[in-house]
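Below is one structure, written out as structure tokens, with a few remarks after it.
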2 protein chains.
Amino acid sequence: MIDPASGVPAWRQLADALRDRIAAGEWPPGARLPSETRLTQEYALGRTTVRRAVAALRAEGVVEVQHGWGTRVPSAREVERVTAEPGSVITTRMPTPQERAVLAVPDGVPMLVVTGPDGMADAYPGDRTRVEVR
Amino acid sequence: MIDPASGVPAWRQLADALRDRIAAGEWPPGARLPSETRLTQEYALGRTTVRRAVAALRAEGVVEVQHGWGTRVPSAREVERVTAEPGSVITTRMPTPQERAVLAVPDGVPMLVVTGPDGMADAYPGDRTRVEVR
DNA sequence: TATAATTTGTGCGTATGTATA
DNA sequence: TTATACATACGCACAAATTAT
């Protein structure tokens with residue numbers, strides 16, 4: 001499965017493989033992935049390498065990790081609709097740790113920033129917000 | 001500087017310290033941060049811990065790392081203005097590795113997805129795009 | 001062109017702590 | 001209490017990219 005001589009780092013190959021398996025529906029939203037120990041066995045890799053791959057998927061928002069429980073595919077969020085008035089400006093960026101706590105978003109989830117015509121800016125969690133243009 | 005008994009992981013404390021120093025202007029955009037080896041000495045931490053802190057800042061888009069050269073604060077990007085028609089929907093998420101390559105964005109930069117009234121979706125790099133509502 | 005020094009990247013192992021079931 | 005699973009943190013070695021000599 002993992003080819004050390006391919007030039008592609010092992011952790012990236014594993015991340016790609018897991019991403020593909022998730023996309024293929026092998027683990028539907030809410031399902032738990034194999035443990036790190038199991039992955040080290042199945043793919044014949046060190047734990048550091050496995051953790052690195054999982055960390056990459058976290059940063060993409062592809063998986064959520066819960067300490068002491070396991071790793072799962074995020075369930076679909078209830079989406080909040082936000083309407084943007086004409087003259088508004090919409091940007092995005094990763095939240096700071098404080099903003100992450102306020103918005104209650106896991107790793108790998110960006111932030112939507114909507115600045116109204118009056119210059120007032122509001123931040124929304126990127127995993128459960130869609131901005132609709134009136 | 002780093003308090004191992006505070007309950008806050010050392011890598012997080014270091015990330016916070018560096019983020020604060022960047023925000024204070026100690027390293028302006030384009031400037032290079034101290035090397036990993038230097039940080040291990042200054043903060044009396046292992047390299048693994050230092051790299052973890054830097055990785056966290058990368059995931060936030062606070063720093064950019066270049067192999068063989070060092071770590072720097074990203075320079076300001078030229079911003080592209082995109083206008084959204086009424087009926088459009090704007091969302092955000094982290095790009096896949098393929099999308100990251102296509103958009104040419106570094107780590108820690110989300111993607112803006114603009115879906116027009118016709119259902120056609122366009123993706124833009126979050127670090128140099130602002131969507132303006134007509 | 002070649003070499004060395006610097007800096008980040010990859011990967012392994014080990015030990016211990018903490019959260020969950 | 002026990003077992004399982006993830007988190008933190010250290011160390012080491014070698015590879016690869018960059019820059020200066």
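Computed from a predicted model, the values in this text were never measured in an experiment. Below, each value reflects all heavy atoms present in this structure, side chains not excepted, and no hydrogens, waters or symmetry copies. Naming: A, B, ... by sequence-line order, numbering from 1 per chain.
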A:Asp107 atom CG is separated from D:dA7 atom P, nearest whole Å, by 10 Å
Considering every strand and a 4.0 Å limit on heavy-atom distances, what is the contact class for B:Gly46: base, sugar-phosphate, or nothing? sugar-phosphate
Base D:dA16 paired with B:His67 side chain (donor-acceptor, <3.5 Å): yes
Side-chain N,O (B:Arg12) to OP1/OP2 (D:dA9) below 4.0 Å: no
Is B:Arg52 near enough to D:dA9 that one of its side-chain N or O atoms lies under 4.0 angstrom from OP1 or OP2? no
Tell me whether the OP1 or OP2 atom of D:dT19 has a side-chain N or O from B:Trp69 closer than 4.0 Å. yes
Distance below 4.0 Å between A:Thr71 side-chain N/O and D:dC6 OP1 or OP2: yes
If you define the side chain from C-beta out and look only at heavy atoms, does anything of A:Arg100 sit under 4.5 Å from A:Met94? no
When both distances are under 3.5 Å in a Watson-Crick or G-U wobble arrangement, the nucleotide paired with D:dA7 is C:dT16
Please walk me through it: do A:Glu85 and B:Val133 pass side-chain contact (heavy atoms from CB on, under 4.5 Å)? CA-CA 7 Å; A:Glu85 307 290 328; B:Val133 176; over 6 Å; no
Does any N or O donor sit under 3.5 Å from an N or O acceptor when you compare the side chain of B:Arg47 with the base of C:dG9? yes
A:Arg58 near the nucleic acid: base, sugar-phosphate alone, or nothing, with a heavy-atom cut-off under 4.0 Å? sugar-phosphate
Joint cluster assignment, A:Trp11 & A:Ile22, ILVMFWY side-chain distance < 4.5 Å: no
Between B:Thr48 and A:Gly68, which is nearer to the 5' end of DNA chain D once each is assigned its nearest nucleotide? A:Gly68
Is there a side-chain contact between A:Trp11 and the phosphate of C:dT10, meaning an N or O under 4.0 Å from OP1 or OP2? yes
In the structure shown, which nucleotide is the Watson-Crick or G-U wobble counterpart of D:dT21, with both distances under 3.5 Å? C:dA2
D:dC6, C:dG9, D:dA9: which one has an atom nearest the side-chain heavy atoms of A:Glu36? D:dC6
Would you kindly confirm whether A:Leu18 and A:Leu45 end up in one hydrophobic cluster when ILVMFWY residues are joined by side chain heavy atoms under 4.5 Å apart? yes
